[in-house]
Amino acid sequence: MATRWGLCGAGKISHDFSVAMKTLPPGDHQVLQPLNHVVIPSLRCLIYVVYVGVLHTEHWRVGLLFLNAGKNVLCEKPFAMNARQVKELVAAAKKNNVFLMEAIWSRCFPVYSEVRRLLTEAAVGEVKLVKAYFGSPQLHIPRSVKKELGGGALLDIGVYCLQFILMVFNGERPKSIQATGVLLDSGLVDESVVVVMKFSGNRIAFCSFSIATRLPNDAIIAGTEGSIQVFGPMHCPTTLVVNNKETEYPLPEPSLSLNFTNSTGLRYEAEEVRQCLLKGLKQSPQMPLAHSVLLTEIMDEIRRQVGVVFNQDRH
C-alpha cells in the first residue's frame with residue numbers, strides 16, 4: 001500500500017518535495033493534497049504522514065497540532081526555534097506513539113550513507129578534524145533576515161554544517177563550543193558565524209556559514225590515514241572524494257522546475273520515512289530524535305554567544 005502524504009504548507013520547499021515524490025514509484029507514495037486548517041474529515045483520516053513545510057516559527061505549533069491528532073510527522077528543519085520547543089515535539093510524539101523526524105534531508109542522501117559506512121570501517125583512520133562551510137547570499141529574502149520569521153544564517157543554513165559534524169561524531173555532545181559572528185544592521189539576527197567545537201579525544205570541528213556571501217559549501221573529514229571530501233553543495237551532495245578518488249551519485253531529473261538545488265534528492269527522505277513506517281519505527285536511525293535535540297541545544301548556545309534572541313526564547 002502506498003504511503004499517503006499530506007503536505008502542510010504551499011511554499012517553495014513543499015513544491016519541490018511534491019516534485020521529488022514523482023521520481024518515486026507511484027505505488028509507494030501518494031500525495032493527497034496540501035493541508036490547511038480546514039481539511040475534510042474523511043480525507044484527514046486517509047493521511048498517514050504529514051510533511052510540515054511552513055515557516056520556521058510555525059514548526060512547533062503546527063507540529064504539535066498534527067502529533068496530537070495522532071499523525072506521523074516529517075517536519076522541515078530547523079525542528080523548532082529552540083531546544084525547549086524541540087523537546088515538546090519529541091514528548092508529543094512519544095505520548096501519541098507516532099513517528100517523528102526532522103527533515104534533515106542530507107542524512108538520507110547516498111553520499112551521506114557512504115560517508116557513514118566509511119567512518120564505520122575507519123577507512124581514513126582516526127578522525128581528527130571536521131570542517132564544513134555553507135554560504136549563500138540571501139539578504140534579499142525576507143524570511144532570511146527578519147527576526148519575526150525566524151531569520152538568520154544559523155537556523156536556515158548553519159544547521160546543515162552542524163548536523164554534518166554531529167553525524168561524523170555519532171551524536172556525541174561537544175566538550176566545548178566557541179562561536180563568534182556578526183549580526184545584520186538590524187542587530188536582531190546573525191549574518192555570518194564561525195563555530196569551533198572540541199570533542200573527546202582531542203578532536204576538533206570547525207564550521208562557517210553566512211547569508212551574506214557564497215562559501216565553498218563543502219565538507220572535509222580529515223583522519224590519520226586519509227580524508228573524505230563532500231563536494232558542494234554539502235547539504236545535498238552528489239560527489240564524494242575519498243583519498244583523491246572521486247565518485248558521482250547522480251540524481252533523477254525532475255518533471256517540473258525546482259526552487260532549490262538538487263531538490264529531487266528530497267525523494268530520499270520521503271523513502272526513509274516510508275521504510276521506517278513499514279518497520280514500525282517511531283524515529284529514523286538516519287536522523288534520530290536525540291540528534292535533533294542535541295543539534296538544537298548547540299544552536300541555542302551559539303545564539304547565546306553571538307547575541308541572537310527570538311521571542312520564543314522568552315516564553
Side-chain angles (χ1 to χ4, degrees), residues 77 104 106-136 153-182 190 192-211 213-247 249 286-288 290-306:
K77 60 80 198 167
I104 303 286
S106 317
R107 292 285 183 98
C108 304
F109 269 70
V111 166
Y112 273 62
S113 297
E114 181 64 8
V115 168
R116 287 192 292 268
R117 185 189 70 80
L118 292 167
L119 292 174
T120 300
E121 297 178 357
V124 294
E126 181 185 357
V127 174
K128 303 298 290 185
L129 176 68
V130 180
K131 296 190 292 183
Y133 306 88
F134 197 158
S136 173
L154 175 62
L155 266 61
D156 197 37
I157 59 178
V159 60
Y160 286 119
C161 299
L162 296 169
Q163 66 80 26
F164 181 83
I165 292 167
L166 290 184
M167 183 190 74
V168 174
F169 290 133
N170 200 28
E172 179 182 324
R173 184 178 297 274
K175 288 185 170 295
S176 67
I177 302 170
Q178 293 177 294
T180 186
V182 294
D190 52 301
S192 302
V193 179
V194 173
V195 182
V196 178
M197 294 185 286
K198 181 183 289 186
F199 291 81
S200 64
N202 294 321
R203 297 170 298 164
I204 295 290
F206 168 91
C207 64
S208 178
F209 40 91
S210 173
I211 54 172
T213 185
R214 194 169 303 282
L215 294 174
N217 295 359
D218 62 354
I220 300 171
I221 303 169
T224 54
E225 298 176 19
S227 65
I228 299 170
Q229 183 176 10
V230 178
F231 272 18
M234 57 79 62
H235 68 298
C236 52
T238 58
T239 306
L240 182 67
V241 178
V242 182
N243 296 330
N244 298 318
K245 181 182 178 181
E246 183 174 315
T247 305
Y249 298 81
Q286 310 294 1
M287 188 60 199
H291 282 213
S292 291
V293 172
L294 177 57
L295 177 60
T296 317
E297 289 176 339
I298 291 172
M299 291 197 294
D300 283 358
E301 174 59 20
I302 292 170
R303 286 197 295 113
R304 186 191 69 79
Q305 293 186 28
V306 174

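- Val124 places none of its side-chain heavy atoms less than 4.5 Å from the side chain of Leu118.
- Side-chain contact between Leu155 and Arg303 is present, with at least one heavy-atom pair separated by less than 4.5 Å.
- The aromatic rings of Phe169 and Phe199 lie tilted to each other, with the angle between the two planes from 30° to 60°.
- A donor-acceptor contact shorter than 3.5 Å links the side chain of Asn243 to the backbone of Ser227.
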Dump the intermediate steps for side chain to side chain contact (heavy atoms under 4.5 Å, CB included) on Val115 and Met167, then the final yes or no. CA-CA 9 Å; Val115 168; Met167 183 190 74; 3.9 Å; yes
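- Counting all heavy atoms, side chain and backbone alike, Ile211 lies closest to Ala153 at CG2-CA, 3.7 Å.
- For Lys175, the NZ atom is loosely surrounded, since the number of other residues' heavy atoms within 6.0 Å does not exceed 12.
- Phe209 approaches Cys161 most closely through the heavy-atom pair CD2-SG, 4.4 Å.
- Taking a 6.0 Å sphere around CD of Gln178, one finds it holds 12 or fewer heavy atoms contributed by other residues, nucleotides or ligands.
- In this structure, the separation between CE on Met234 and OH on Tyr160 is 10.0 Å, given to the nearest 0.5 Å.
- Looking at heavy atoms from C-beta onward, Ile298 lies in side-chain contact with Met197 at the 4.5 angstrom threshold.
- What you find for Ala205 and Ile165 is that their closest heavy atoms are CB-CG2, 3.5 Å.
- By the 4.5 Å heavy-atom criterion applied to side chains, Leu240 and Phe109 are not counted as neighbours.
- Summarising the geometry of Ser292 relative to Met287, their closest heavy-atom pair is OG-CE, 3.5 Å, with the distance given to 0.1 Å.
- Contact of the Ile228 side chain with the Val127 side chain is not registered, since no non-hydrogen atoms from C-beta on lie closer than 4.5 Å.
- Among Asp218, Asn244, Thr239, the one residue that satisfies the side chain to side chain donor-acceptor pair (under 3.5 Å) test with Gln229 is Asp218.
- The CD1 atom of Ile157 lies 11.0 Å from the CG atom of Leu162; values are rounded to the nearest 0.5 Å.
- Considering only heavy atoms from C-beta on, Val195 stays 4.5 Å or farther from Leu154 through its side chain.
- With values rounded to the nearest 0.5 angstrom, Asp300 atom CG is found 7.0 Å from Thr296 atom OG1.
- Gln163 places no side-chain N or O within 3.5 Å of a backbone atom of Ser106 that could act as its donor or acceptor partner.
- In terms of heavy atoms, Glu172 sits closest to Ser200 at OE2-OG, 2.7 Å.
- Rounding to the nearest 0.5 Å places OH of Tyr133 at 6.5 Å from CD1 of Ile220.
- In this structure, the side chains of Val168 and Arg203 stay at 4.5 Å or more apart for every pair of heavy atoms.
- Here the options are His291, Arg107, Arg116, the test is side chain to side chain donor-acceptor pair (under 3.5 Å), and the partner is Gln286; only Arg116 passes.
- Ser192 and Ser210 get closest at one heavy-atom pair: OG-OG, 2.7 Å.
- Distance check, rounded to the nearest 0.5 Å: OG1 of Thr224 to NZ of Lys128 gives 8.0 Å.
- Side chain of Asn217 to main chain of Pro233: no donor-acceptor pair is present (N/O by atom type, distance under 3.5 Å, no hydrogens or angles).
- The closest side-chain heavy-atom distance from Pro237 to Tyr112 is below 4.5 Å.
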Please determine whether side chain to side chain contact (heavy atoms under 4.5 Å, CB included) holds for the pair Asp190 and Ile302, giving the CA-CA distance in whole Å, both sets of side-chain angles, and the decisive distance to 0.1 Å. CA-CA 10 Å; Asp190 52 301; Ile302 292 170; over 6 Å; no
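- Remark: side-chain polar atoms of Lys77 are paired, donor with acceptor, to backbone N or O of Asp156 under 3.5 angstrom.
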